[in-house]
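This report concerns only the one structure given below.
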Amino acid sequence: MKEHAKNVGGNFVKDIVALPEIIECYNIAGDCDFMLKIFEQDVASYQDFVMNKLSTIENIGNTNSIFVMGEIKHSTALEF
């Protein structure tokens with residue numbers, strides 16, 4: 001995010017929620033403010049989404065993409 005004012009953050013969240021390609025969004029700490037999980041058919045579709053939809057959202061400073069190459073472990077069960 002270029003700016004962290006309350007109204008700017010609210011507009012960002014509203015814009016993110018409106019995009020069906022974004023299936024998860026997390027507000028995170030560290031070098032980035034948000035982490036998005038985006039679902040697209042292929043890399044070309046992903047590139048189109050980033051260039052023509054995501055990049056049009058006001059106040060995005062920069063983006064960084066990470067692609068999953070393979071799943072090692074996926075679990076939602078917690079044992080206490």
Side-chain angles (χ1 to χ4, degrees):
M1 304 279 304
K2 293 178 188 175
E3 183 182 347
H4 292 87
K6 186 175 181 178
N7 67 318
V8 172
N11 289 339
F12 173 80
V13 169
K14 182 184 70 170
D15 292 340
I16 290 300
V17 169
L19 294 171
E21 296 90 345
I22 299 174
I23 58 174
E24 296 177 29
C25 177
Y26 302 94
N27 184 209
I28 61 174
D31 293 337
C32 300
D33 297 313
F34 293 91
M35 180 176 67
L36 308 175
K37 186 173 185 180
I38 298 168
F39 186 80
E40 280 291 352
Q41 294 179 4
D42 51 36
V43 175
S45 298
Y46 173 78
Q47 182 180 18
D48 181 67
F49 171 78
V50 171
M51 299 300 291
N52 296 307
K53 290 185 180 179
L54 190 61
S55 67
T56 65
I57 294 176
E58 187 177 352
N59 203 44
I60 290 183
N62 58 50
T63 62
N64 182 30
S65 299
I66 299 170
F67 295 92
V68 174
M69 301 300 291
E71 184 174 86
I72 306 302
K73 180 179 179 180
H74 179 124
S75 177
T76 59
L78 298 175
E79 295 182 26
F80 293 97

Going from [atom1] on [X] to [atom2] on [Y], what distance comes out if it is rounded to the nearest 0.5 angstrom?
{"X": "Leu36", "Y": "Asn64", "atom1": "CG", "atom2": "CG", "result": "11.5 Å"}
{"X": "Leu54", "Y": "Gln47", "atom1": "CG", "atom2": "CD", "result": "13.0 Å"}
{"X": "Glu40", "Y": "Ile23", "atom1": "CD", "atom2": "CD1", "result": "10.5 Å"}
{"X": "Glu21", "Y": "Asp48", "atom1": "CD", "atom2": "CG", "result": "9.0 Å"}

Is [X] linked to [Y] within one hydrophobic cluster, defined over Ile, Leu, Val, Met, Phe, Trp and Tyr using a side-chain heavy-atom separation of less than 4.5 Å?
{"X": "Phe67", "Y": "Val50", "answer": "yes"}
{"X": "Tyr26", "Y": "Ile66", "answer": "no"}
{"X": "Met35", "Y": "Ile60", "answer": "no"}

Counting C-beta onward and ignoring hydrogens, is there a side-chain heavy-atom pair between [X] and [Y] closer than 4.5 Å?
{"X": "Ile22", "Y": "Val17", "value": "no"}
{"X": "Ile57", "Y": "Leu19", "value": "yes"}
{"X": "Asn59", "Y": "Asn11", "value": "no"}

Please enumerate all residues that pass side-chain contact (heavy atoms from CB on, under 4.5 Å) together with Ser75, with sequence neighbours excluded.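 Partners of Ser75 under the side-chain contact (heavy atoms from CB on, under 4.5 Å) test: Lys73, Ala77.
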Which word best sums up how the rings of Phe12 and Phe34 line up, parallel for under 30°, tilted for 30 to 60°, or perpendicular for over 60°?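 Geometry flag for Phe34 against Phe12: tilted rings.
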Checking Asp42 against Ser45: is there a side-chain donor and acceptor pair closer than 3.5 Å?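 Side chains of Ser45 and Asp42: pair found under 3.5 Å.
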Check this for me: Glu24, atom CD, are more than 12 non-hydrogen atoms of other residues, nucleotides or ligands nearer than 6.0 Å?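 Yes, enclosed.
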Please check: side-chain N/O of Asp33 versus main-chain N/O of Asn27, any donor-acceptor pairing under 3.5 Å?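 Here the side-chain-to-backbone pair does not exist.
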